[in-house]
There are 2 protein chains.
Amino acid sequence: MSPRRSAAEALRTRDRIIDRSVDLASLEGLEGLTIGRLASDLGLSKSGLLGHFGTKEALQIAALRRAAEIFNAEIWAPAEPAAPGLPRLRAVCAAWISYLEREVFPGGCLFVSATFEYDGRAGAVHALMKRQFHAWDGRLTAEIRAAVRAGDLPADTDPAQLVFELYGVMMSLNHTIQLNGDRSAAVRARRAIDRLLAG
Amino acid sequence: MSPRRSAAEALRTRDRIIDRSVDLASLEGLEGLTIGRLASDLGLSKSGLLGHFGTKEALQIAALRRAAEIFNAEIWAPAEPAAPGLPRLRAVCAAWISYLEREVFPGGCLFVSATFEYDGRAGAVHALMKRQFHAWDGRLTAEIRAAVRAGDLPADTDPAQLVFELYGVMMSLNHTIQLNGDRSAAVRARRAIDRLLAG
DNA sequence: ATAGCGACCGAACGATCGGTCGGTATAGCG
DNA sequence: CGCTATACCGACCGATCGTTCGGTCGCTAT
């Protein structure tokens with residue numbers, strides 16, 4: 001049926017596969033993502049699709065990387081113009097809540113579901129996820145420290161403690177939106193963040 | 001090989017199946033729980049095992065119910081003797097943190113993973129989970145209201161807001177323990193709770 | 001003593017899983 | 001133009017999924 005595509009078109013095909021993988025994985029989980037379903041959704045054969053990645057694990061990793069790019073574009077990039085420290089921290093949290101509220105991923109934040117799906121299992125997916133969370137920990141911690149230096153947060157602030165609580169708010173928001181379909185929980189998240197970041 | 005067991009032994013068999021299901025589901029997810037794996041773990045045939053429940057969905061529901069019993073026994077029962085309101089609320093949170101710290105379920109709180117696994121899907125499992133969360137919401141809300149009436153929490157406390165933030169702390173704790181194996185995060189959870197419940 | 005219930009087994013079902021293989025047709029390069 | 005690299009397909013693999021079926025055998029009630 002479909003003959004060979006040009007290199008440029010092949011890249012677009014690969015792109016479409018990853019995009020659809022991210023959406024499907026957010027709905028069904030990274031493990032529930034199946035090659036057959038994905039192929040039929042995109043009008044490809046399983047073998048043609050898998051040719052782009054080799055293994056399912058490689059596809060999962062590609063999806064996770066793409067999700068990280070989207071996350072960065074949604075949360076960190078908009079906050080970039082803000083001044084380091086508390087202003088940027090506030091911008092990050094606002095973008096984060098908005099990202100959950102708008103359901104950028106149809107089944108909720110892919111990292112939240114993936115971390116609870118893969119926290120126990122070993123393997124490349126687990127390792128990559130751990131690295132990604134660690135990177136975000138680092139970025140958040142850096143901003144918190146800057147805010148403390150600037151006097152915008154109390155001097156005795158424990159960055160790890162604050163990061164821990166920030167994650168909690170975001171996970172609870174993701175949970176409420178996805179389980180109960182209650183997007184208005186975003187106002188509760190904003191209130192919680194306001195209290196956490198009050199100087 | 002194994003002949004028929006008496007009715008009492010059959011109940012014990014059913015019990016063993018459910019117990020093992022809860023553990024497996026906390027590690028692999030309610031969907032990753034497979035009949036074949038479960039049967040071979042317990043030295044049963046797939047058909048003999050499934051005969052107790054009929055369908056996989058019924059087994060998942062039995063596992064979820066059992067998990068709820070354990071959760072109640074771990075979190076609510078120990079807090080029962082405490083006075084209604086803030087004392088009981090503190091007891092509940094302490095037991096909750098301890099339950100996560102001790103990893104009562106080997107793969108972390110089954111409800112946390114299950115809610116992120118099933119929040120999108122329709123079906124009996126989703127419905128049951130939603131009901132269970134709703135029940136806990138109600139219990140927590142009742143204690144919070146009692147604490148407000150007793151003057152142990154500020155009069156302008158929004159119970160739904162507090163429940164939202166309590167869930168966040170527990171989810172973040174579960175995440176940290178399971179992804180990073182860092183049980184010491186329990187001290188961060190206790191600090192966060194102390195601040196949330198400070199009069 | 002015996003009939004029947006039911007817990008359990010072993011074999012098999014169709015479906016689907018991730019993955020392999022050989023072939024085909026074209027795009028890009030010489 | 002011809003050559004090669006490769007994007008893709010269709011057929012197929014063994015394994016495993018949840019589920020069904022017929023049969024066996026011990027417990028229990030008569």
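On a predicted model such as this, the values are computed, not experimentally measured, just so you know. Numbered from 1 within each chain, the chains take letters A, B, ... in sequence-line order.
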*Classify the ring geometry between A/Phe71 and A/Phe111 as parallel (under 30°), tilted (30 to 60°) or perpendicular (over 60°).*
perpendicular
*Would you kindly give the CZ-to-C1' distance between A/Arg12 and D/dC8, to the nearest whole Å?*
15 Å
*Between D/dG18 (C1') and B/Leu49 (CG): distance, integer Å*: 12 Å
*Quickly work out the B/Ile35 CD1 to C/dA11 P distance and round it to whole Å.*
19 Å
*How long is the line joining CZ of B/Arg14 and P of C/dG6, in whole Å?*
15 Å
*Considering only D/dG10, C/dG10, D/dA7, which nucleotide approaches the side chain of A/His52 most closely?*
D/dA7
*Quick one: A/Lys46 NZ to C/dC21 P, roughly how many Å, whole number?*
15 Å
_Tell me the interatomic distance from A/Leu44, atom CG, to D/dG10, atom P, rounded to whole angstroms._
11 Å
*Verify side-chain hydrogen bond (donor to acceptor under 3.5 Å, both in side chains) between A/Gln60 and A/Tyr118, making sure each step is shown before the conclusion.*
CA-CA 12 Å; A/Gln60 292 172 318; A/Tyr118 276 84; 3.1 Å; yes
*asked:* For the CZ atom on A/Arg145, are there more than 12 heavy atoms of other groups (residues, nucleotides or ligands in this structure) within a distance under 6.0 Å?
replied: no
*Whole-Å gap separating P (D/dC17) and CG (B/Leu59)*: 14 Å
*Describe the nucleic acid contact of A/Ser45 in one word from base, sugar-phosphate, nothing, applying a heavy-atom distance below 4.0 Å.*
base
*Evaluate the ring planes of B/Phe116 and A/Phe116, with Trp represented by its six-membered ring, and classify them as parallel (under 30°), tilted (30 to 60°) or perpendicular (over 60°).*
parallel
_Selection from C/dC8, D/dT20, C/dT20 that lies nearest to any side-chain heavy atom of A/Leu50_ = C/dT20
*Can you check the B/Glu57 CD to D/dG18 P distance for me, whole Å?*
13 Å
_A/Ser47 side chain, from C-beta outward: closest of C/dC21, C/dG19, D/dT20_ = C/dC21
